Amino acid sequence: MVGFVFGAFGAFIRWIFIYNLNSKKMGEAYNTNPQVEDAKNSYAGLFLVPLGIIVGIFIKY
């Protein structure tokens, strides 16, 4: 479940910043190498979720 959440968040962030909201380009990348793309999404989510929490804490104080 945690991997799904991190992967979904990572995919959303990569779709916005890496693929510039281009779903066709993102789909082509997934068709060529789905395991690598899934790993990238998981790592992006795993890195960005805690980073967002830490930044939010600093902004609050």
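Counting begins at 1 with the first residue of the sequence. Note that the coordinates shown come from a computational prediction; the quantities given were computed from them, not determined experimentally.
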Identify each donor-acceptor pair in which a side-chain atom of residues 9-16 lies under 3.5 Å from a protein atom, sequence neighbours left out, and give them as a table.
{"residue": "Arg14", "atom": "NH1", "partner": "Glu37", "partner atom": "OE1", "Å": "3.0"}
{"residue": "Arg14", "atom": "NH1", "partner": "Asn41", "partner atom": "OD1", "Å": "2.9"}
{"residue": "Arg14", "atom": "NH2", "partner": "Glu37", "partner atom": "OE1", "Å": "3.3"}
{"residue": "Trp15", "atom": "NE1", "partner": "Ser23", "partner atom": "OG", "Å": "3.1"}

Sub-3.5 Å donor-acceptor pair from the side chain of Asn20 to the main-chain atoms of Asn22, do we have one?
no
Residue of the set Ile54, Ile59, Ile53 for which side-chain contact (heavy atoms from CB on, under 4.5 Å) holds with Ile57:
Ile53
Mind checking the CZ-CG spacing from Phe17 to Leu48? Nearest 0.5 Å is all I need.
9.0 Å
Heavy atoms of Gly45 and Pro50 approach each other most closely as O-CD, 4.1 Å
Do the side chains of Val36 and Phe47 join up, straight or via other hydrophobic residues, at under 4.5 Å, putting them in one cluster?
no
